[in-house]
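One structure is given below, encoded as structure tokens.
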Amino acid sequence: MAQEVVTSDEVIVGEEIERVRLITLNRPRQLNVISSKVVSLLAEYLEKWEKDDNAELVIIKGSGRAFSAGGDLKMFYDGRKSKDPCLEVVYRMYWLCYHIHTYKKTQVALVHGISMGGGASLMVPMKFSVVTEKTVFSTPEASIGFHTDCGFSYMHSHLPGYLGEFLGLTGARLNGKELVAVGLATHFVPLEKLSDLEKCLISLNSGNENAVKAAIEEFSVEVKPDEESVLNKLSIIDECFSKDTVAEIIQSFEAEAKKEGNGWIGPHLKGLKRSSPTGLTITLRSIREGRKQTLPESMKKEFRLTMNILRSKISEDVYEGIRALTIDKDNAPKWNPPSLDNVVDEKLDLVFQPFEEDLELQIKEQEENRWDGKYENSAYASLKVTE
């Protein structure tokens, strides 16, 4: 087969193989975290290939032991004293996430290893997302003073019962079997067969959904969650995480933890109590809003939340969380405010408040102009605003 390597850039490798397009996230030592360059290249490829009649199937995978560990936290931390230093990459990332959700060509994610936060947003919306026994999924953003983002306020809100609130607030991890069981992945393929599946998909040389599905099913196996899986605890999760506030959720979870056989709750409860009160409260409200929002509405909301959090609109917790986790690595964040009692609803409203229309994330839903609204065409890039 004719093969063209579009780029051998250190962060992404893009290949064009007849009618198949292959993207490899290529920062293995950094667990394929998403940098500004990664976002720009991904958007560039996806737009080019959606418009290319010769491109039918797009495959994305990670190199090394991770699919993608999510956003580059150090990038955000390093820019904390500057004015909106990460605005461009944030805008581009949410814009990209919307286009992945609504992509017109058949997509397959081959997900080996860690797939967390923004990294998981490159997997879950795909038509086909293939996981293995080594796949680890999590959305742990609330714990560091951030929020469940990159479309997950929408995706989590559509999970069964109140599982989305549980995953968003606790950052609980799911394995490959669990991901398939709740619909966050479509197929489970043993790791030893993953490279053979990739070769099969490339040789298929087609984006026909039925043909791609049949090819994946040749390698996939039926799985169900292990006996100790949190998915077998959904009645308790629904009882606790349906409560109106984070404080009530924790109180309810504490009561359940005291009952016989509920030892599994302990680590999750400990994590909740250690997390940023502001991050938890924003995350709960965002996921609850996601239930009533369209995907574009959720993406616009998440863009606002991210920018307002990075601007320390009501708290600097996100920078304190990143410091404690990845910079000083002391795992001893000092939250401000320090407790849920001090998180005021009126202040919370400030991070959810809509921007002026030209400062919102520009999502075009019409077919003919869906790739418009790029950062470079936005009010931010034109320097018409100083906000």
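The figures here come from the full heavy-atom set of this structure, side chains too, leaving out hydrogens, waters and symmetry mates.
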Side-chain (Glu133) to main-chain (Pro190) donor-acceptor, under 3.5 angstrom: no
Joint hydrophobic cluster, Ile287 plus Leu340, side-chain heavy atoms closer than 4.5 Å: no
Donor-acceptor list for residues 317-329 side chains, cut-off 3.5 Å, not counting sequence neighbours:
{"unit_1": "Asp317", "atom_1": "OD1", "unit_2": "Ser315", "atom_2": "OG", "d": "3.1"}
{"unit_1": "Asp317", "atom_1": "OD1", "unit_2": "Asn336", "atom_2": "N", "d": "2.9"}
{"unit_1": "Asp317", "atom_1": "OD2", "unit_2": "Ser276", "atom_2": "OG", "d": "2.8"}
{"unit_1": "Tyr319", "atom_1": "OH", "unit_2": "Leu310", "atom_2": "O", "d": "2.6"}
{"unit_1": "Glu320", "atom_1": "OE1", "unit_2": "Arg323", "atom_2": "NE", "d": "3.0"}
{"unit_1": "Glu320", "atom_1": "OE2", "unit_2": "Arg323", "atom_2": "NE", "d": "3.4"}
{"unit_1": "Glu320", "atom_1": "OE2", "unit_2": "Arg323", "atom_2": "NH2", "d": "2.9"}
{"unit_1": "Glu320", "atom_1": "OE2", "unit_2": "Lys334", "atom_2": "N", "d": "2.8"}
{"unit_1": "Arg323", "atom_1": "NH1", "unit_2": "Asp328", "atom_2": "OD2", "d": "2.9"}
{"unit_1": "Arg323", "atom_1": "NH1", "unit_2": "Asp330", "atom_2": "OD2", "d": "2.7"}
{"unit_1": "Arg323", "atom_1": "NH2", "unit_2": "Asp330", "atom_2": "OD2", "d": "3.4"}
{"unit_1": "Arg323", "atom_1": "NH2", "unit_2": "Ala332", "atom_2": "O", "d": "3.4"}
{"unit_1": "Thr326", "atom_1": "OG1", "unit_2": "Ile322", "atom_2": "O", "d": "2.9"}

Exceeds 12 heavy-atom contacts within 6.0 angstrom, atom CD of Glu256: yes
Positive for side-chain contact (heavy atoms from CB on, under 4.5 Å) with His156, one of Thr283, Thr139, Leu169: Thr139
Any pair counted as side chain to side chain donor-acceptor pair (under 3.5 Å), so long as it reaches residues 180-194, sequence neighbours left out: none
Flag, side chain of Lys300 to backbone of Ile363, donor-acceptor distance under 3.5 Å: no
Minimum heavy-atom distance Ile12-Ile23, with the two atoms named: CG2-CG2, 4.3 Å
Note, Leu73 side chain near Ile144 side chain (heavy atom, < 4.5 Å): yes
Side chain Glu56, main chain Arg19, donor-acceptor under 3.5 Å: no
Which residues share a ring-ring contact (aromatic ring centres under 6.0 Å, His included) with Phe137, sequence neighbours left out: Phe152
Heavy-atom pair with the smallest gap, counting every atom of Ser153 and Lys301: OG-NZ, 3.0 Å
Any donor-acceptor N or O pair under 3.5 Å, side chains Asn232, Ser229: no
Side-chain hydrophobic cluster, 4.5 Å single linkage: members besides Val33: none
Greater than 12 external heavy atoms within 6.0 Å of Lys127's NZ: no
Lys81 side chain vs Tyr77 backbone, donor-acceptor pair below 3.5 Å: no
Cluster overlap Val39 with Val90, hydrophobic side-chain contacts below 4.5 Å: yes
same_hphob_cluster(Leu25, Val136) at 4.5 Å side-chain heavy-atom cutoff: no
Under-4.0 Å salt bridge between Glu254 and Lys258: no
Crowding at NZ, Lys104 (>12 non-hydrogen neighbours, <6.0 Å): yes
Flag if over 12 foreign heavy atoms under 6.0 Å of CD, Glu222: no
Phe128 side chain near Thr106 side chain, heavy-atom distance below 4.5 Å: yes
Lys292: side-chain contact (heavy atoms from CB on, under 4.5 Å) partners, not counting sequence neighbours: none
Within-4.5 Å side-chain heavy-atom neighbours: Thr306 and Phe146: yes
Min side-chain heavy-atom separation Trp264-Ile236 under 4.5 Å: yes
Lys224, NZ atom: more than 12 neighbouring heavy atoms under 6.0 Å: no
Test item: Ser157 side-chain N/O and Tyr154 main-chain N/O as donor-acceptor pair under 3.5 Å: yes
N/O donor-acceptor pair under 3.5 Å between Asp84 side chain and Leu87 backbone: no
Over 12 non-hydrogen atoms of neighbours within 6.0 angstrom of CD in Glu356: no
Verdict with supporting geometry, Arg173 and Glu178, salt bridge (charged side-chain N to carboxylate O under 4.0 Å, His left out): CA-CA 9 Å; Arg173 297 184 172 193; Glu178 293 167 326; over 6 Å; no
Short side-chain to backbone donor-acceptor contact, Lys177 and Asp226, under 3.5 Å: no
Side chain to side chain, Val351 and Ile314, heavy atoms closer than 4.5 Å: yes
Glu50 side chain vs Lys48 backbone, donor-acceptor pair below 3.5 Å: no
With His99 via ring-ring contact (aromatic ring centres under 6.0 Å, His included) - residues at least two apart: Trp95, Trp371
Trp49-Val11 co-clustered via ILVMFWY side chain contacts under 4.5 Å: yes
Side chain proximity check, Lys134 to Phe67, heavy atoms < 4.5 angstrom: no
Shortest non-hydrogen contact between Met123 and Leu184, atoms and distance: CE-O, 3.3 Å
Cluster overlap Leu110 with Met116, hydrophobic side-chain contacts below 4.5 Å: no
Aromatic plane relationship, Tyr380 with Phe303 - under 30° parallel, 30 to 60° tilted, over 60° perpendicular: perpendicular
Closest heavy-atom pair and its distance - Tyr91, Ser378: OH-CB, 3.9 Å
Nearest non-hydrogen partners of Thr148 and Gly168, listed with the distance: OG1-CA, 3.6 Å
Beyond-backbone contact of Ile60 with Met126, side-chain heavy atoms, under 4.5 angstrom: yes
Geometric cation-pi criterion Arg21 and Tyr103, 6.0 Å radius, 45° cone: no
Ion pair check, Asp349 and Arg285, cut-off under 4.0 Å: yes
Salt-bridge contact Glu44-Lys37 (side-chain N to carboxylate O under 4.0 Å): no
Under 3.5 Å donor-acceptor, Ser275 side chain and Gly271 backbone: yes
Interatomic spacing from CG in Asn342 to OG1 in Thr278 - rounded to 0.5 Å: 9.0 Å
Pairwise distance NZ(Lys374) to CZ(Arg92) - rounded to 0.5 angstrom: 9.0 Å
Name of the residue among Arg291, Gln293, Glu289, His101 meeting side chain to side chain donor-acceptor pair (under 3.5 Å) with Ser298: Gln293
Glu209 with Lys213: basic N within carboxylate O range, under 4.0 Å: no
Residue pair Val124 / Ser129, side-chain heavy-atom distance below 4.5 Å: no
Atom of Val343, atom of Pro337 and distance for their closest heavy-atom approach: CG2-CG, 3.9 Å
Donor-acceptor contact below 3.5 Å, side chain Asn308 vs main chain Lys313: no
